[in-house]
Amino acid sequence: MEKKELLYEGKAKKVYLTDDPDLVIVDYKDDATALNGLKKGTIQGKGPINNRMSNMLMEMLEKKGVPTHYAGQIDDRNTLVKRVEIVPLETIVRNVAAGSFSKRFGVAEGTPLKSPAVEFSYKSDALGDPFINSSQAIALGIATKEEIEKIEDIALKVNGYLIAFFKELRIDLIDFKIELGRYKGDIILADEISPDTCRFWEAGTWDTTKHTSYDKDRFRRDLGGVEDAYEEIFRRIGG
Ligand code: TMP
């Protein structure tokens, strides 16, 4: 399948049309942004790692019965995916308090949660992706009640499968963000699952002053060793 016109360019990926109206090609860049685009940089080798890692995880999830957009890797940076209409919500699932959750609720990073917390942000660069609840999302027509129920169900299933997958690799899945899309009347997993979109901590190191993270927090927080962290998590999953 060949790339046709550029359909969309995001912060970390470009999306191209193909001859097939139901399929697009995603091209992963090394560019990284954080703090709603205020912090910009490059993570050398990130594109191929995120591409291959996301594909491996989507394949694993498909096998477990989670519908995804994955349609086949083309090369190191390019993957064929189903063309979806992205639901403009970032769906976040948390197992351990960290990041904005810790700030908002005054809970120390590394505090285990009694049950997984699902939350949504409304995808809007202009508004800075504000926190939104399901009732507000339904009221604004961002998604229907049925769609929100499906999204929550998929998010929790993905959480369970990812926790189990990473546990084997001595990695704790602290939290992650997914995006879902509408495809032929259904809701399917889209976008990516990678160190850009997850918090991965070395198993058992939840003391935030000592934990080792293999994810984009190393870039967001200027912790150094960014490339090494991406390579390490990729190596552990067998990449
Ligand atoms: P947060 O603690 O900053 O809200 O992030 C929660 C999780 O979501 C974390 O794994 C990083 C991921 N995330 C994204 O993938 N994109 C984003 O724009 C944000 C804010 C978080």
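Atoms within each ligand, like the ligands themselves, are counted from 1 in listed order. For the numbers below, each heavy atom of this structure counts, side chains included, while hydrogens, waters and symmetry mates do not.
Under the 4.5 Å side-chain contact rule for hydrophobic residues, Ile92 and Ile148 do not share a cluster. By the rule that hydrophobic residues join a cluster once side-chain heavy atoms approach within less than 4.5 Å of another member, Leu113 and Leu173 end up as members of separate clusters.
Within the structure, the closest approach of Glu90 to ligand 1 falls below 4.0 Å when heavy atoms are considered.
Cation-pi geometry between Lys4 and Tyr16 is not met: the NZ or CZ atom fails to fall both under 6.0 Å from the ring centre and inside 45° of the normal.
Using a 4.5 Å heavy-atom cutoff, the side chains of Lys123 and Leu89 are not in contact.
Under 4.0 Å is where a charged nitrogen must lie from a carboxylate oxygen, and between Arg83 and Asp22 no such pair does.
Counting only heavy atoms, the protein never gets under 4.0 Å from atom 20 (C) of ligand 1.
At a 4.0 Å heavy-atom cut-off, ligand 1 does not touch Ser121 at all. Residue Asp196 touches ligand 1 through its backbone alone, judged by heavy-atom distances below 4.0 Å.
For the side-chain contact (heavy atoms from CB on, under 4.5 Å) criterion with Lys13, the lone passing option out of Asp196, Asn50, Asp191, Asp27 is Asp191.
Ligand 1 has a nitrogen or oxygen under 3.5 angstrom from a nitrogen or oxygen of Arg199. The shortest N/O to N/O separation between Asp175 and ligand 1 falls below 3.5 Å. Checked against a 3.5 angstrom limit, the closest N/O atoms of Arg94 and ligand 1 fall inside it.
Contact atoms of ligand 1 toward Thr197: 10 (O), 12 (C), 15 (O) (distance under 4.0 Å to a heavy atom of the residue). Listed by number with element, the atoms of ligand 1 under 4.0 angstrom from any heavy atom of Gly99 are 2 (O). Ligand-side atoms of ligand 1 in range of Phe176: 10 (O), range being under 4.0 angstrom from any heavy atom. Of all the atoms in ligand 1, the ones that sit under 4.0 Å from a non-hydrogen atom of Ala98 are 2 (O).
Looking only at protein heavy atoms, the nearest one to atom 1 (P) of ligand 1 is Ser100 OG, 3.4 Å. Atom 11 (C) of ligand 1 has Arg220 NH2, 3.4 Å as its closest protein atom, hydrogens excluded (heavy atom only). In terms of protein heavy-atom proximity, atom 16 (N) of ligand 1 is nearest to Lys177 CE, 3.7 Å.
Looking at Glu62 and Thr68, their side chains do bring a donor and an acceptor atom within 3.5 Å of each other. Side-chain contact of Tyr214 with Arg236: a donor-acceptor pair under 3.5 Å is present, judged by distance alone.
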- [ ] Show your reasoning for whether side chain to side chain donor-acceptor pair (under 3.5 Å) applies to Asn51 and Thr79.
- [x] CA-CA 7 Å; Asn51 180 37; Thr79 291; 2.5 Å; yes
